[in-house]
Amino acid sequence: MLTKKKSRNTLFLTLSVLLLVVLALAGCGSNNKSNNAPTSSPANNAANGGSSANAGNEDNLLNKVKTAGVIKVGLMGTYAPYNFLNDNKEIDGFDADIAKEAAKRIGVKVEFAPQEFSGLIPSLQAGKIDAIISQVTITDERKQQIDFTQPYITNQVKIIVKENNNSITKLEDFKGKNIGVGLGTNDESYLRNEVLPKVGNFKIKTYDDVITSLQDLNAGRIDATINNLYALKPIVDKNGFKIKAVGDAIKSDQAGIAVRKNNPEFLAALDKALTDMKADGTYKTIFKKWFGEEPSAE
């Protein structure tokens with residue numbers, strides 16, 4: 001009887017030990033699985049905003065524009081022959097044609113968003129528009145805020161005065177005078193930062209559009225303005241302003257298509273569109289249409 005009881009106790013003890021060993025091994029397996037398994041899959045990471053090999057590629061601006069089928073372009077709409085409202089109440093002009101051609105080569109349509117020049121860059125940075133094609137001069141200061149394609153036009157800037165004014169023929173003659181210029185333009189920066197310190201005191205009056213500045217010049221409310229002849233000719237012809245350009249060009253500006261920073265695919269697509277339209281003669285056709293002459297060699 002004692003032998004049987006001892007045998008049962010030994011068997012029970014052996015089974016208990018085996019059970020403990022099995023449980024221990026199971027626990028180790030579970031811990032190893034936990035330590036080696038990824039917390040989430042790459043697909044889950046991307047879905048939750050994490051990074052993966054292709055994350056972000058589908059969200060770049062070029063793809064968004066192509067998906068929407070439209071590129072939103074900001075311009076003044078009051079700056080003939082570059083961009084203006086024609087008799088059919090449609091945005092027209094050199095810039096408009098460049099925008100339409102670039103959009104076509106990307107495979108989308110263009111939607112224009114006319115506004116004052118001083119508001120174009122803020123609108124671009126806020127994402128309200130995709131690009132600016134409105135004679136935005138390429139400068140180092142602007143390059144800190146926005147990116148540019150290659151230049152698509154070079155403009156010669158001259159001094160503009162009333163037809164009977166013979167007292168102003170050069171920048172030094174601005175001293176003590178009232179000089180008009182477009183608000184937020186590169187010409188305004190040029191007058192304030194370069195001409196004013198050299199020439200001495202003169203008064204700068206800013207305008208939201210070219211027509212108003214020329215009206216004031218024609219009426220004698222300002223003594224001079226600076227602008228390029230391409231911009232002035234259609235306005236002068238239409239309104240009969242008695243004004244003239246004097247002296248040599250005071251500077252030469254190059255304008256490019258402006259886009260928000262950190263959109264390399266979109267910028268490259270626009271740049272390629274410009275390169276291709278210059279190579280196949282389309283650019284020359286557009287230029288001659290609006291300015292009556294061939295573009296100068298860059």
Any chance you could lay out the side chain to side chain contact (heavy atoms under 4.5 Å, CB included) test for Gln135 and Tyr152, step after step, and finish with the verdict?
CA-CA 9 Å; Gln135 297 303 299; Tyr152 68 92; 3.5 Å; yes

Would you check if Ile133 and Tyr82 make a side-chain contact, meaning some heavy-atom pair closer than 4.5 Å?
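They are not in contact (no side-chain heavy atoms under 4.5 Å apart), so the answer is no.
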
Could you tell me if the side chain of Arg105 sits less than 4.5 Å from the side chain of Asp276, heavy atoms only?
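In contact.
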
Could you walk me through whether Ile153 and Phe291 pass side chain to side chain contact (heavy atoms under 4.5 Å, CB included), step by step?
CA-CA 12 Å; Ile153 191 169; Phe291 305 122; 3.8 Å; yes

Centroid-to-centroid, Phe94 to Phe84, below 6.0 Å?
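No, ring centres 6.0 Å or more apart.
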
Are Trp290 and Tyr79 near enough that their ring centres are under 6.0 Å apart?
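No: the rings miss the under 6.0 Å criterion.
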
Hey, what do you get for [atom1] ([X]) to [atom2] ([Y]), rounding to the nearest 0.5 Å?
X	Y	atom1	atom2	answer
Thr149	Ile138	OG1	CD1	6.0 Å
Ile159	Asp173	CD1	CG	7.0 Å
Ile222	Ile179	CD1	CD1	7.5 Å

Is there a donor-acceptor contact under 3.5 Å from the side chain of [X] to the main chain of [Y]?
X	Y	answer
Thr212	Asp208	no
Ser123	Ile129	no
Asn239	Phe241	no

Salt bridge flag under 4.0 Å for residues [X] and [Y]:
X	Y	result
Asp147	Arg260	no
Asp216	Lys205	yes
Lys198	Glu194	no
Lys251	Asp187	yes

Decide yes or no on side chain to side chain contact (heavy atoms under 4.5 Å, CB included) for Val259 and Ile146, but give the supporting numbers first.
CA-CA 6 Å; Val259 303; Ile146 54 180; over 6 Å; no

Does [X] share a hydrophobic cluster with [Y], counting links as ILVMFWY side-chain heavy atoms below 4.5 Å and allowing steps through other members?
X	Y	value
Val161	Ile243	no
Leu214	Leu191	no
Val246	Tyr230	no
Val181	Met76	no
Ile235	Val157	no

Looking at Asp97 and Lys289, what are the two nearest heavy atoms and their distance?
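The answer is OD2-NZ, 2.9 Å.
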
Would Lys177 pass as a cation-pi partner of Phe202, given that its NZ or CZ must be under 6.0 Å from the six-membered ring centre and within 45 degrees of the axis?
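No.
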
Going through the distances and angles, do Glu90 and Phe112 end up as a side chain to side chain contact (heavy atoms under 4.5 Å, CB included)?
CA-CA 10 Å; Glu90 299 169 334; Phe112 292 117; over 6 Å; no

Just checking, is any N or O donor in the side chain of Asp280 or Thr282 under 3.5 Å from an acceptor N or O on the other one?
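Looking only at side-chain atoms, Thr282 and Asp280 do form a donor-acceptor pair, the distance falling under 3.5 Å.
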
